[in-house]
Amino acid sequence: KAGVTQTPRYLIKTRGQQVTLSCSPISGHRSVSWYQQTPGQGLQFLFEYFSETQRNKGNFPGRFSGRQFSNSRSEMNVSTLELGDSALYLCASSGGLAGAWGEQFFGPGTRLTVL
Amino acid sequence: DAKTTQPTSMDCAEGRAANLPCNHSTISGNEYVYWYRQIHSQGPQYIIHGLKNNETNEMASLIITEDRKSSTLILPHATLRDTAVYYCIVSSGSARQLTFGSGTQLTVLP
């Protein structure tokens, strides 16, 4: 079974630009979550999608948004990039069932650098 | 989600068991204990989870105390490739998010 894939793996943008990151979950998984990892803040939850609906959202500004498609693939978008948005963005998928929801499979991440 | 407390770092000799403790004294009845690890620059990797009973899989064992206020992850025969940051997380299925703390940096020494 193929794992979670994320594209692109590396990205360099400048302040003020916007960026879209893509995540393909494990086949059959309907829940996709996004996390941001920085040296200062560690791993922080951004949002979770299930069956094309956002079910939970972390404490991030509205510049961070996402969506999920009918095939469970997900994208996240960051608009008006700031230097502090430089981070590793991780996507994770799971089957979505309550008891096993926390058994999440992470992708390799997209390393975003904002100049 | 309940908070967890883990030691910042631990060392373990290669081939020996690594026992990683975690305190979660405010855990509620419907919250699971999850363990993940993250090898440098890679995405976190799920290891194991449990609710009340001890659990074992091909990677590790999870021992949860009877009062559920603490747990221990056991890697029975640590190898150099087990060097990573280990995260203990408590979360309910309804919370639908994993709250990662600082974790424990485990270094397996040759």
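Residue numbers begin at 1 in each chain, while the letters A, B, ... track the order of the sequences.
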(message) Rounded to the nearest 0.5 Å, what separates atom CD in B/Q45 from atom CD in A/Q104?
(response) 14.0 Å
(message) Rounded to the nearest 0.5 Å, what separates atom CZ in A/R55 from atom CD in B/Q97?
(response) 12.0 Å
(request) Against chain B, label A/L43 side chain, backbone, both or neither, depending on which of its atoms sit under 4.5 Å from a heavy atom there. (result) both
(request) Kindly say whether B/L98 contributes a backbone atom to a donor-acceptor pair with the side chain of A/Y35 at under 3.5 angstrom? (result) yes
(request) Please examine the side chains of A/F106 and B/Y36, heavy atoms only from C-beta on, and report whether any two atoms are closer than 4.5 Å. (result) yes
(request) State, yes or no, whether a side-chain contact exists between B/Q38 and A/Q37 at a heavy-atom distance under 4.5 Å. (result) yes
(message) What's the separation between atom OH in B/Y32 and atom CD in A/E103, rounded to the nearest 0.5 Å?
(response) 11.5 Å
(message) Hydrophobic clusters here meaning ILVMFWY residues chained together by side-chain heavy-atom distances under 4.5 Å, can you tell me if B/V33 and B/I63 are in one?
(response) no
(request) Identify whether A/L11 and A/L83 are in the same connected component of the hydrophobic contact network (ILVMFWY, side-chain heavy atoms under 4.5 Å). (result) yes
(message) Grouping I, L, V, M, F, W and Y whenever their side-chain heavy atoms are under 4.5 Å apart, do B/Y86 and B/M59 come out in a common cluster?
(response) yes
(message) Is it true that, when you exclude B/R16 itself, more than 12 heavy atoms of the residues, nucleotides or ligands shown sit nearer than 6.0 Å to its CZ?
(response) no
(message) Please check if the number of heavy atoms outside A/K57 that lie under 6.0 Å from its NZ is greater than 12.
(response) yes
(request) Tell me whether A/V114 is reachable from A/W34 by hopping between hydrophobic residues (I, L, V, M, F, W, Y) whose side-chain heavy atoms are closer than 4.5 Å. (result) yes
(message) Quick check: closest heavy atoms across B/G43 and A/L90, and the distance to 0.1 Å?
(response) CA-CD2, 3.7 Å
(message) Starting from A/F47, can I reach A/L21 by hopping between I/L/V/M/F/W/Y residues whose side chains sit under 4.5 Å apart?
(response) yes
(message) Please classify the contact of A/Q6 with chain B as side chain, backbone, both or neither, using a heavy-atom distance under 4.5 Å.
(response) neither
